Amino acid sequence: MLPLSLLKSSTTLPLLVELKSGTTYNGRLTSCDTYMNINLRDVVCTSKDGDKFWKLNECYIRGSSIKYLRLPEEAVERAKKEEQEGGRQWSGNNNGGGRGGRGGRGG
């Protein structure tokens, strides 16, 4: 299971994000991209010292500023389920047809 697939399967789940600056964000994941830029909704932002709090309707966090993410156990279960469902979809007779394949001139 790849980290990005785990994150994508966590959509709508609560998530804790700590930035390299020490600021933390708690909210529900709405979306993410391949750079791990994420959008959260219903967010509570906590200062580095933990003495200031802000409530935000939504926020965008750049992936390169993230120190770590904490996901609920349900996220792992969802990702495993989605991985199994995806595997069944493609498990068939894959003989290298279509574009790509083993090389050669074709014909």
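Since the model is a prediction, treat every value here as computed from it, not as a measurement.
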Report the residues that fulfil side chain to side chain donor-acceptor pair (under 3.5 Å) with [X], sequence neighbours left out, ordered by chain and then residue number.
{"X": "Asn57", "result": "none"}
{"X": "Ser64", "result": "Arg62"}
{"X": "Thr23", "result": "Ser21"}
{"X": "Thr11", "result": "none"}

Quick one: which residue pairs count as a salt bridge (charged side-chain N to carboxylate O under 4.0 Å, His left out) with a foot in residues 24-51, not counting sequence neighbours?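 Listed once each, the pairs would be none.
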Find the distance between OG (Ser31) and CG (Asn39) and round it off to the nearest 0.5 Å.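 With rounding to 0.5 Å, OG (Ser31) is 3.5 Å from CG (Asn39).
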Output the distance between atom CD1 (Ile38) and atom OG1 (Thr30), rounded to the nearest 0.5 Å. 8.5 Å
Taking salt bridge (charged side-chain N to carboxylate O under 4.0 Å, His left out) as the definition, give me every residue that meets it alongside [X], ordered by chain and number, with sequence neighbours left out.
{"X": "Lys67", "result": "Glu18"}
{"X": "Glu74", "result": "Arg78"}
{"X": "Glu77", "result": "none"}

Other than Tyr60, what residues sit in its cluster of Ile, Leu, Val, Met, Phe, Trp and Tyr side chains whose heavy atoms are under 4.5 Å apart, directly or through others?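 Traced through the cluster, Tyr60 reaches no other member.
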Applying side-chain contact (heavy atoms from CB on, under 4.5 Å), name anything that partners Leu56, two or more places apart in sequence or on another chain.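 Once residues adjacent in sequence are excluded, the partners of Leu56 under the side-chain contact (heavy atoms from CB on, under 4.5 Å) criterion are Tyr25, Val43, Cys45, Cys59.
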Considering residues at least two apart in sequence or located in another chain, which fulfil the side-chain contact (heavy atoms from CB on, under 4.5 Å) criterion with Lys52? Ser47, Trp54
Single-linkage hydrophobic cluster, 4.5 Å side-chain cutoff, Leu40 and Ile66 together: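 As far as the 4.5 Å side-chain criterion goes, Ile66 and Leu40 are connected within one cluster.
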Would Leu16 end up clustered with Leu69 when hydrophobic side chains under 4.5 Å apart are linked, directly or stepwise?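 The answer is no; the residues belong to distinct hydrophobic clusters.
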Quick one: does any side-chain atom of Ser10 pair with a main-chain N or O of Leu6 as donor and acceptor, under 3.5 Å?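 Answer holds: yes.
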Leu29 and side-chain contact (heavy atoms from CB on, under 4.5 Å): which partner among Val17, Leu13, Leu15? Leu15
Any side-chain heavy atom of Leu19 within less than 4.5 Å of one from Thr24?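 A side-chain contact is absent here, since even the closest heavy-atom pair is not under 4.5 Å.
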Verify side chain to side chain contact (heavy atoms under 4.5 Å, CB included) between Lys8 and Cys32, making sure each step is shown before the conclusion. CA-CA 7 Å; Lys8 285 186 178 187; Cys32 67; 3.4 Å; yes
Can you see which heavy atom on Ala75 is nearest to which on Ser9, and at what distance?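 It is O-OG, 3.6 Å.
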